[in-house]
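Shown next, in structure tokens, is the structure this report addresses.
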Amino acid sequence: MLCNYVLLLVLCANFVFSDVIPAPKLKLRDGTEIPSLALGTWLGNNTKGRIEPHSTEVENAVSAAIDLGYRHIDTAYAYKVEDQVGRAVIKKIAEGVKREDLFITTKLWNDRHAREAVVPALRESLDQLKLDYVDLYLIHWPVGQFGNQSYDYTDYVDTWRGMLEAKALGLARSVGVSNFNQQQIDRLAAAGLELPAVLQVEINLNLQQPSLLAYCRDHHIVVMGYTPFGSLFPSKAREDAPPPRVDDPTLVGMGEKYNKTVTQIIVRYLLDLGIIPIPKALKPAHIAQNFAVFDFSLSQEDRDWLKTYDKGYRTIPQLKWLDHPYYPFEKS
Ligand SMILES: NC(=O)c1ccc[n+]([C@@H]2O[C@H](COP(=O)([O-])OP(=O)(O)OC[C@H]3O[C@@H](n4cnc5c(N)ncnc54)[C@H](OP(=O)(O)O)[C@@H]3O)[C@@H](O)[C@H]2O)c1
Ligand SMILES: *[C@@H]1O[C@H](CO)[C@@H](O)[C@H](O)[C@H]1NC(C)=O
Ligand SMILES: *[C@@H]1O[C@H](CO)[C@@H](O)[C@H](O)[C@H]1NC(C)=O
Ligand SMILES: *[C@@H]1O[C@H](CO)[C@@H](O)[C@H](O)[C@H]1NC(C)=O
């Protein structure tokens, strides 16, 4: 009773002193809860290839995000920023944020697909993150590849067994997969193994994946959607990328109607698809905008319009792995 009263006070205080509404939570098939919006931490590629981390840019973004109300951070061993995420999280916990209120997702890289390599790989990530456990550990890709670039043909079903061992040890509260297709998830089930709690795949206006989302709904698998802005920004769009760009008149008009930015309209729409969008942003203004999406709703008519941008167009096809037997995407 007292507890409830205190909780109510805290909620009211939050409501009065900040106009940011927290992200609602979704329930995972294993019973745990996951915040429905995550901050992305991959620095991305420019024309010269991978952007390498400096020292504190991601740490600063994660700190700002937690201050603004984000409770879910998406990272990966391969992003080389787990140390920065860890420093921000430790600092915020020292300032009073509770570990159990944060949800940290990280991923197993392709060079650790051997079943017995999974737990040691996760322990390395935990060292970087300075945590005892992550909330969610994902197989980053179904495709195995050693450090020397030669393919590792380890069956991802075996890798999944290693993931379940990590969960049994309590090192990951939940486990899931990323960039798996429907047949690959079916193979985990056919092996008699627990299904992934989460599937993380690319989801944006140009790649809405309705049939994969329906499959996941049917199997109680929560979907996290990466690269939520797809080809919205001209600087990131390839020549062949379908519209819209950020200056699209219909989207700009929609933004004016709701007094929201085009990016906020898109994040709201992705939430309405029932997925967890993972917008990445380093700029504090972007981080704030992307989270201020829980105080409005789009009309059915506007959602119907946004659906028309779905062209099955992938911004991250990873064609370099096309000839791997476990390449997950359409081959043409
Ligand atoms: N599982 C996988 O294989 C996989 C693959 C790709 C991505 N991911 C995850 O998904 C996350 C997001 O995907 P992404 O990084 O590819 O792309 P994204 O989130 O679609 O786009 C990031 C870009 O959008 C800009 N931006 C963000 N919010 C904005 C706003 N409100 N207004 C204007 N510009 C804004 C960012 O700028 P600033 O940074 O300058 O603010 C950055 O340049 C990644 O960081 C990663 O965590 C996972
Ligand atoms: C980013 O660049 C690296 C290095 O050139 C490349 O190996 C990788 O495939 C690129 N990633 C994406 C998603 O394009
Ligand atoms: C690449 O690394 C793997 C694993 O260490 C090894 O088995 C394989 O022989 C290496 N391939 C080449 C071409 O060096
Ligand atoms: C529109 O949004 C801006 C930024 O969130 C806010 O400052 C402003 O008060 C809003 N205007 C109206 C009319 O709600």
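Whatever order the structure lists them in is the order used to number ligands and atoms, beginning at 1.
When heavy-atom distances to ligand 1 are checked against a 4.0 Å cut-off, Q200 comes that close only through its side chain, counted from C-beta outward. Both the backbone and the side chain of T227 come within contact range of ligand 1, each with a heavy atom under 4.0 Å. For T41, every heavy-atom contact with ligand 1 shorter than 4.0 Å involves the backbone, none the side chain. With a 4.0 Å cut-off on non-hydrogen atoms, K280 touches ligand 1 through its backbone as well as its side chain.
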Decide yes or no on ring pair (Phe, Tyr, Trp, His ring centres under 6.0 Å) for Y156 and F180, but give the supporting numbers first. CA-CA 10 Å; Y156 52 79; F180 276 47; 5.2 Å; yes
Let's go through E82 and E124 carefully: what are the C-alpha distance in whole Å and the side-chain angles of both, what is the deciding distance for side-chain contact (heavy atoms from CB on, under 4.5 Å) to 0.1 Å, and is it a yes or a no? CA-CA 10 Å; E82 286 176 315; E124 258 187 62; over 6 Å; no
Worked verdict on H140 versus Y79 for ring pair (Phe, Tyr, Trp, His ring centres under 6.0 Å): CA-CA 11 Å; H140 207 144; Y79 302 164; 5.7 Å; yes
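In this structure the side chain of L68 reaches within 4.5 angstrom of the side chain of I287, judged on heavy atoms. Between V97 and V89 there is no side-chain heavy-atom pair separated by less than 4.5 Å. Between L207 and Y313 the shortest side-chain heavy-atom distance does not fall below 4.5 Å.
When hydrogens are left out, the protein atom nearest atom 47 (O) of ligand 1 is D74 OD2, 2.6 Å; that is the closest non-hydrogen contact. The closest protein non-hydrogen atom to atom 28 (N) of ligand 1 is N290 ND2, 2.9 Å. Among all non-hydrogen protein atoms, the one lying nearest atom 17 (O) of ligand 1 is K236 NZ, 3.2 Å. Among protein heavy atoms, atom 11 (C) of ligand 1 sits closest to I278 O, 3.2 Å. Closest to atom 34 (N) of ligand 1, if we only count protein heavy atoms, is F233 CZ, 3.1 Å. In terms of protein heavy atoms, atom 1 (C) of ligand 2 is closest to N45 ND2, 1.5 Å. Of the protein's non-hydrogen atoms, the one nearest atom 10 (C) of ligand 4 is N259 ND2, 2.3 Å. For atom 44 (C) of ligand 1, the closest non-hydrogen atom of the protein is W42 CB, 3.7 Å. In this structure, the protein non-hydrogen atom closest to atom 32 (N) of ligand 1 is H286 CD2, 3.3 Å. Scanning the protein heavy atoms around atom 4 (C) of ligand 1, the nearest turns out to be Y226 CD2, 3.2 Å.
Here atom 7 (O) of ligand 2 lies nearest to K320 when heavy atoms of Q318, R50, K320 are compared. Looking at K283, Q289, Q264 and measuring to atom 40 (O) of ligand 1, the nearest heavy atom belongs to K283. The closest heavy-atom contact to atom 3 (O) of ligand 1, among the options V262, N179, T105, N204, comes from N179.
With respect to K27 and E33, no salt bridge is recorded, no charged nitrogen being found less than 4.0 Å from a carboxylate O. Between K257 and D302, at least one side-chain N (NZ, or NE/NH1/NH2) sits under 4.0 Å from a carboxylate O, which counts as a salt bridge. The existence of a salt bridge linking D132 and R123 is excluded, since no basic side-chain nitrogen approaches an acidic carboxylate oxygen closer than 4.0 Å. Taking 4.0 Å as the cut-off between side-chain N and carboxylate O, E194 and R29 do not count as a salt-bridged pair. At a threshold of 4.0 Å, the pair D240-R238 counts as salt-bridged, since one of the basic side-chain nitrogens sits closer than that to a carboxylate oxygen. Salt bridge absent: D74 and K280 never bring a charged side-chain N and a carboxylate O closer than 4.0 Å. Contact check on R99 versus D135 returns a salt bridge, with a Lys/Arg side-chain nitrogen under 4.0 Å from an Asp/Glu carboxylate oxygen.
Atom numbering of ligand 2 starts at 1 in the shown order; those under 4.0 Å from a heavy atom of G49 are 2 (O), 5 (O). Within ligand 1, the atoms closer than 4.0 Å to a non-hydrogen atom of P279 are 19 (O), numbered from 1 in the order shown. Proximity to I316 (heavy-atom distance under 4.0 Å) selects the following atoms of ligand 1: 6 (C). Contact atoms of ligand 1 toward H140: 1 (N), 2 (C), 3 (O) (distance under 4.0 Å to a heavy atom of the residue). Applying the 4.0 Å criterion to heavy atoms of I316 picks out, from ligand 2, the atoms 13 (C).
Distances from atom 5 (O) of ligand 4 to the protein include no heavy-atom value under 4.0 Å.
In terms of polar-atom proximity, defined here as any N/O pair under 3.5 Å, L282 does make such a contact with ligand 1. Checked by distance only, ligand 1 and F229 come closer than 3.5 Å through their nitrogen or oxygen atoms.
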Using a 3.5 Å cut-off and no angle test, enumerate the donor-acceptor pairs between side-chain atoms of residues 169-176 and protein atoms at least two apart in sequence or in another chain.
unit_1: S174; atom_1: OG; unit_2: D30; atom_2: OD2; d: 2.6
unit_1: S174; atom_1: OG; unit_2: T32; atom_2: OG1; d: 3.1

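Judged by the shortest distance from any of its heavy atoms, P228 lies inside the 4.0 Å radius around the atoms of ligand 1. Ligand 1 lies nowhere less than 4.0 angstrom from a heavy atom belonging to M224.
Taking the six-membered ring where the residue is Trp, H324 and Y151 present perpendicular rings, their angle passing 60° and hence far from 30°.
Heavy atoms from other residues, nucleotides or ligands lying under 6.0 Å from NZ of K331 number more than 12.
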